[in-house]
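Residue numbering restarts at 1 for every chain, and letters A, B, ... go by the order of the sequence lines. What you see is a predicted model, and the numbers here were worked out from it, not measured in a lab.
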Protein chains: 2
Amino acid sequence: MSQEGIHLETSLGYLLKQASSELRAAMEAVLRPLGMTVTHYSCLELLAQRPGLSNSELARGAFVTRQSMNVLLQALERDGYVTRPTEARVGRVSPAQLTPRGRQSLEQASAAVRSVEVQMLGGMTPEEQATAHHVLNRMIRALRNADEDSLE
Amino acid sequence: MSQEGIHLETSLGYLLKQASSELRAAMEAVLRPLGMTVTHYSCLELLAQRPGLSNSELARGAFVTRQSMNVLLQALERDGYVTRPTEARVGRVSPAQLTPRGRQSLEQASAAVRSVEVQMLGGMTPEEQATAHHVLNRMIRALRNADEDSLE
DNA sequence: AACAGTATGTCAGAATGCTGACATGAGTCA
DNA sequence: TGACTCATGTCAGCATTCTGACATACTGTT
């Protein structure tokens with residue numbers, strides 16, 4: 001059982017992956033008793049904050065492909081958590097809405113996830129939280145620009 | 001095509017997931033031409049920095065289950081990138097080693113991944129990098145403690 | 001020495017997500 | 001109007017990872 005730090009600990013990329021992995025595990029742990037997966041929860045939370053999001057938009061927001069989100073949405077619709085108009089009004093986009101049942105199901109999950117985030121923020125001061133916010137945004141922007149650069 | 005920021009952007013957890021997702025995508029993009037997956041690369045990199053790691057230790061380092069790492073290791077062994085002793089000397093642990101071929105294959109991948117990390121660090125000052133390092137470690141520690149707490 | 005507890009390697013089945021592909025509708029430009 | 005491009009929803013097949021399970025080996029306790 002050797003658990004001393006690897007040299008990779010000096011890599012921000014590795015740290016990022018590690019933190020994300022830990023966060024995901026913690027979320028899965030609190031969502032499992034509710035019979036909910038992380039993507040499942042992300043979908044509901046996105047719909048609560050932005051009613052009318054389409055399948056593709058939800059997929060982008062939950063960091064999965066639109067195909068994956070589609071099967072999830074169909075299940076959620078079948079089980080009565082969300083509704084989608086039978087026919088699209090504009091283009092092929094069919095905006096999704098939470099049902100009261102979906103909203104209720106989200107409430108407990110949202111509280112559970114909030115507790116995880118509070119745990120994660122631990123004893124961080126508001127200043128530290130602000131710098132974390134700032135630094136993560138910097139990384140995201142830098143990586144996104146790299147993608148665009150390679151596309152031309 | 002509505003791409004304006006969601007309210008969730010104020011959540012550090014969401015930002016973390018976003019950054020991690022972006023980083024993973026960027027790594028996949030540069031590793032694909034080399035016929036290598038992220039877990040594949042992680043395994044080789046870990047072995048280069050810490051020769052003799054066992055299957056389970058590699059799994060933890062690459063953030064996958066030991067079962068997943070096992071199938072990868074078997075493939076890598078079959079293709080001559082790593083070697084493992086046919087019989088364990090102590091317990092069931094069989095330490096893995098990179099072959100020259102594995103080391104060579106890693107070289108290009110390592111350079112590619114380094115370029116991604118440089119891109120990610122973008123115009124970040126050394127101070128910002130240090131705070132990023134610090135803040136991510138804080139989050140990781142807080143989440144890990146939460147896990148231990150729930151185990152008792 | 002016997003025991004429980006824990007960690008490991010490994011196999012098999014299940015779940016989840018992804019890639020490929022297709023048809024449809026909107027926007028653009030000649 | 002017609003051709004081209006792009007985004008969307010959706011289906012099918014594939015890949016990767018995970019969960020469950022088992023045998024084995026070390027560790028510490030009584």
Side-chain angles (χ1 to χ4, degrees), chain A residues 1-3 17 20-21 24-25 27-29 31-33 35-43 47 52-78 82-97 148 151-152, chain B residues 1-3 17 20-21 24-25 27-29 31-33 35-43 47 52-78 82-97 148 151-152:
Chain A
M1 176 79 127
S2 67
Q3 194 58 294
K17 191 171 177 179
S20 176
S21 170
R24 183 175 194 88
M27 287 180 65
E28 280 172 352
L31 288 176
R32 192 187 320 274
M36 214 179 280
T37 176
V38 174
T39 309
H40 187 140
Y41 158 75
S42 302
C43 177
L47 278 181
L53 281 187
S54 72
N55 176 38
S56 290
E57 293 168 322
L58 286 170
R60 281 191 289 269
F63 309 108
V64 295
T65 62
R66 64 187 199 275
Q67 292 91 329
S68 297
M69 182 54 73
N70 191 34
V71 311
L72 173 60
L73 263 186
Q74 288 178 351
L76 290 178
E77 202 172 3
R78 169 174 50 78
V82 310
T83 41
R84 282 192 288 183
T86 55
E87 206 160 320
R89 300 185 178 281
V90 48
R92 307 203 65 189
V93 180
S94 68
Q97 299 275 347
E148 287 169 5
L151 280 183
E152 50 187 357
Chain B
M1 176 80 124
S2 68
Q3 195 58 295
K17 191 171 177 178
S20 175
S21 170
R24 182 174 195 89
M27 287 179 66
E28 281 172 352
L31 288 176
R32 192 186 320 273
M36 214 179 280
T37 176
V38 174
T39 309
H40 187 141
Y41 157 76
S42 302
C43 177
L47 278 181
L53 281 187
S54 73
N55 176 38
S56 289
E57 292 168 322
L58 286 169
R60 281 191 289 269
F63 309 106
V64 296
T65 62
R66 65 186 197 276
Q67 291 92 328
S68 297
M69 183 55 72
N70 191 35
V71 311
L72 173 60
L73 264 185
Q74 287 178 353
L76 290 179
E77 203 172 4
R78 169 174 49 79
V82 311
T83 41
R84 280 192 290 182
T86 56
E87 206 161 319
R89 302 185 177 280
V90 48
R92 308 202 64 188
V93 180
S94 68
Q97 299 274 349
E148 288 169 4
L151 281 184
E152 49 186 0

For residues 65-75 of chain A, please give each side-chain donor-acceptor pair under 3.5 Å, one per line with the distance, not counting sequence neighbours.
{"residue": "A:T65", "atom": "OG1", "partner": "A:S68", "partner atom": "N", "Å": "3.2"}
{"residue": "A:T65", "atom": "OG1", "partner": "A:S68", "partner atom": "OG", "Å": "3.1"}

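Residues B:L47 and B:V82 come closest through the heavy atom pair CD1-CG1, 3.8 Å. The shortest heavy-atom contact between B:P33 and B:A29 is CD-O, 3.1 Å.
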Reading nucleotides 17-22 of chain D from the 5' end, what letters show protein touch, with B for base, S for backbone sugar-phosphate only, - for no heavy atom under 4.0 Å? SBBBB-
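Residue A:N70 contributes atom CG, which lies 16 Å from atom P of C:dT16 at whole-angstrom precision. Protein atom CD of B:Q74 is 11 Å distant from nucleotide atom P of C:dA12, rounded to whole Å. Rounding to whole angstrom units, CD of residue A:E57 and C1' of D:dA7 are separated by 11 Å.
Taking 4.0 angstrom as the limit, B:R84 places none of its side-chain polar atoms (N or O) nearer than this to OP1 or OP2 of C:dT8.
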Would you write the dot-bracket representation of DNA chain D, where each base gets (, ), [, ], | or . depending on whether it forms a Watson-Crick or G-U pair under 3.5 Å and with which partner? ||||||||||||||||||||||||||||||
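In terms of modelled atom types and a separation under 3.5 Å, the side chain of B:T37 and the main chain of B:H40 share no donor-acceptor contact. In this structure a side-chain-to-backbone donor-acceptor pair under 3.5 Å is present from B:S42 to B:V38.
Qualifying salt bridge (charged side-chain N to carboxylate O under 4.0 Å, His left out) partners for A:R84, counting only residues two or more places apart in sequence or in other chains: A:E77. With sequence neighbours excluded, no residue satisfies side-chain hydrogen bond (donor to acceptor under 3.5 Å, both in side chains) with A:S56. In this structure A:T83 satisfies the side chain to side chain contact (heavy atoms under 4.5 Å, CB included) test together with A:Q97, A:T99, sequence neighbours excluded.
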